[in-house]
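In what follows, a single structure is set out as structure tokens and then discussed.
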Number of protein chains: 2
Amino acid sequence: MTLAYPLTDPRTARPTSALADAFERHGVRMIYARNEEIYAQDDEVELLYRVVKGVVRTSRLTVDGRRQVGDFYYAGDIFGLEPGPDHRFAAEALDDCEILVVRRSAVRAFAGDAALDRAILEAQRLEMERLQEHVVMLGRKSARERVASFLMSIAQRQSDEHADLAMGRQDMADYLGLTIETVSRMLTQLQGDAIVEFPSSRRFQVRKWTALEALAA
Amino acid sequence: MTLAYPLTDPRTARPTSALADAFERHGVRMIYARNEEIYAQDDEVELLYRVVKGVVRTSRLTVDGRRQVGDFYYAGDIFGLEPGPDHRFAAEALDDCEILVVRRSAVRAFAGDAALDRAILEAQRLEMERLQEHVVMLGRKSARERVASFLMSIAQRQSDEHADLAMGRQDMADYLGLTIETVSRMLTQLQGDAIVEFPSSRRFQVRKWTALEALAA
DNA sequence: CGTTCGGTTGAAGATAGTCAAGAAGCGTGG
DNA sequence: CCACGCTTCTTGACTATCTTCAACCGAACG
């Protein structure tokens with residue numbers, strides 16, 4: 001990890017809330033290399049993070065080595081906001097990342113309790129929505145449907161015709177509660193049905209939106 | 001649903017937080033019959049609920065009829081606290097229930113923004129922890145492990161030697177992301193291994209705590 | 001005493017996982 | 001620029017797990 005420079009950058013600034021404002025003023029800009037750990041499982045929760053550039057993955061390891069990926073965070077997303085005194089999920093940089101970090105107490109002093117609490121509340125909302133969707137997906141969707149949902153959410157995020165996958169197959173698998181082989185098979189299957197097309201393993205294009213939507217439902 | 005009487009009952013009162021306090025003062029006591037709906041999926045979020053007596057189940061139905069149970073709420077638990085403007089999960093009374101209900105805006109006026117936000121924050125914490133656990137369970141545990149985890153959490157909650165299941169097999173299955181048959185089979189299997197014992201289908205006793213814990217891990 | 005409902009059990013089938021091999025991309029160094 | 005090794009992804013064959021469909025059992029209730 002490299003400490004870069006504390007900064008308020010107008011390009012990445014989004015001073016829409018007390019929280020965003022606090023990030024601008026008190027944030028420290030950090031650089032993380034690919035696969036570097038941002039915080040560990042069971043670390044104390046004391047900082048808030050916002051992705052400026054790159055993609056972050058949260059994940060949890062069970063004692064016997066099974067891994068569950070919590071979510072992926074892209075530029076603008078806030079993460080590290082977890083209930084309880086320590087992190088149940090670790091956070092790692094998927095690729096080279098630029099992250100704004102603020103100390104929670106610093107934010108509180110700056111923003112005032114009420115404003116901060118409301119801002120954090122809002123961030124937690126998003127987090128909970130993600131979790132709720134995740135639960136339904138893992139509990140009630142088939143492998144094919146999970147993969148379709150995943151591609152759907154990625155494709156929606158990117159306005160471009162082509163969508164890029166920031167993560168490898170293993171990360172997808174651990175997010176979807178599947179094995180890497182099953183993910184791979186489902187992808188080739190969706191491609192065989194001409195629903196999506198992969199010019200390369202990390203890049204795809206949706207061919208039949210309605211079909212993909214139906215699966216993702 | 002039957003409206004009972006607005007009340008502050010010292011037995012069920014837990015005036016430890018602004019939220020609890022608000023429930024005491026502004027709560028309306030409602031009675032729901034077994035399987036009665038408390039709020040529907042896609043209803044607007046505007047009320048907060050606290051279980052006084054009975055058990056509540058939240059669940060979500062997909063378009064094609066699959067059901068995912070979100071969680072079960074027992075006496076003292078707060079529910080209905082969801083992100084977004086409307087409920088993604090419905091809430092229903094598992095058995096005959098007594099519920100304290102407060103209007104969010106009323107609570108806010110009473111408690112003051114800051115105190116309320118912090119109290120809601122705390123309740124949301126618990127909710128997020130449940131969701132995180134649920135994700136890991138659905139994503140990375142086998143049927144046997146899921147059932148074991150479930151029994152474990154029920155048994156821990158009840159101080160008694162015997163633990164009672166408030167819900168039927170179907171509800172367990174929909175919570176665990178399994179079918180009713182698989183749940184049943186895992187239960188008989190755990191019983192066969194003398195890890196738990198079911199004198200009746202709704203009542204059990206843990207025989208080998210260490211074995212159950214190992215599975216639940 | 002029959003009916004209903006919730007739970008269990010069995011047999012067969014589908015879905016996803018495991019193990020193993022092969023192909024394709026990618027960076028490094030000759 | 002090509003060759004090599006490494007990693008990631010794909011594919012195949014087989015197995016395990018879970019689901020499906022169906023029958024059965026037993027307690028609760030009229």
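Order of the sequence lines sets the chain letters (A, B, ...), proteins ahead of strands, with each chain counted from 1. Because the structure is predicted, anything quoted here is derived from the model rather than measured.
- When distances run from any side-chain atom of A/L178 to the nucleotides D/dT19, D/dT11, C/dG17, the shortest one goes to C/dG17.
- Here the P atom of nucleotide C/dT9 and the CG atom of B/L190 are 13 Å apart, to the nearest Å.
- Side chain B/R185 to base D/dT20: a donor-acceptor pair is found below 3.5 Å.
- Distance from the side chain of A/R202 is smallest for D/dC9 among the nucleotides C/dA11, C/dA16, D/dC9.
- At whole-Å resolution of the value, CZ in A/R144 and C1' in C/dT15 are 13 Å apart.
- Checking side-chain atoms of A/Q189 against main-chain N and O of A/R144 turns up no donor-acceptor pair under 3.5 Å.
- We find that A/D174 and A/R60 are not joined by a salt bridge, their nearest charged nitrogen and carboxylate oxygen being 4.0 Å or further apart.
- In this entry the distance linking CE of B/M167 with P of C/dG7 reads 11 Å, nearest Å.
- Considering only side-chain atoms of A/A143, the nucleotide from D/dC18, C/dT9, C/dA16 that sits closest is C/dA16.
- As rounded to whole Å, 14 Å separates atom C1' of C/dT9 from atom CD of B/Q191.
- As rounded to whole Å, 13 Å separates atom C1' of C/dT9 from atom CD of B/Q189.
- A straight line from CD1 of B/I180 to P of D/dC21 spans 15 Å, rounded to a whole angstrom.
- Rounded to whole angstrom, the span from the CG atom of A/L187 across to the P atom of D/dT8 amounts to 17 Å.
- Here B/T188 reaches the OP1 or OP2 of C/dT9: one of its side-chain N or O atoms lies under 4.0 Å away.
- Each of A/P199 and A/E181 lies near DNA chain C, and the nucleotide nearest A/E181 is the one positioned closer to the 5' end.
- Close placement of the B/Y49 and B/Y39 rings is indicated, their centers lying within 6.0 Å of each other.
- Taking 4.0 angstrom as the limit, A/T182 places a side-chain polar atom (N or O) nearer than this to OP1 or OP2 of C/dG17.
- Contact between the side-chain N/O atoms of B/R169 and the OP1/OP2 oxygens of C/dT8 is found at a separation under 4.0 Å.
- The residue A/S184 sits close to a base: some heavy atom pair falls under 4.0 Å.
- Annotation: side chain to side chain donor-acceptor pair (under 3.5 Å) contacts involving residues 149-160 of chain B, sequence neighbours excluded, comprise B/K141-B/S149.
- Each of A/Q170 and A/R140 was matched to the nucleotide of DNA chain D holding its nearest heavy atom; the match closer to the 5' end belongs to A/Q170.
- Distance CZ (A/R203) to P (D/dC9): 16 Å, rounded to an integer number of Å.
- Nucleic acid contact class of B/S200 (heavy atoms, under 4.0 Å, all strands): none.
- B/F204 pairs with exactly one of B/D164, B/L190, B/I154 by the side-chain contact (heavy atoms from CB on, under 4.5 Å) rule, that one being B/I154.
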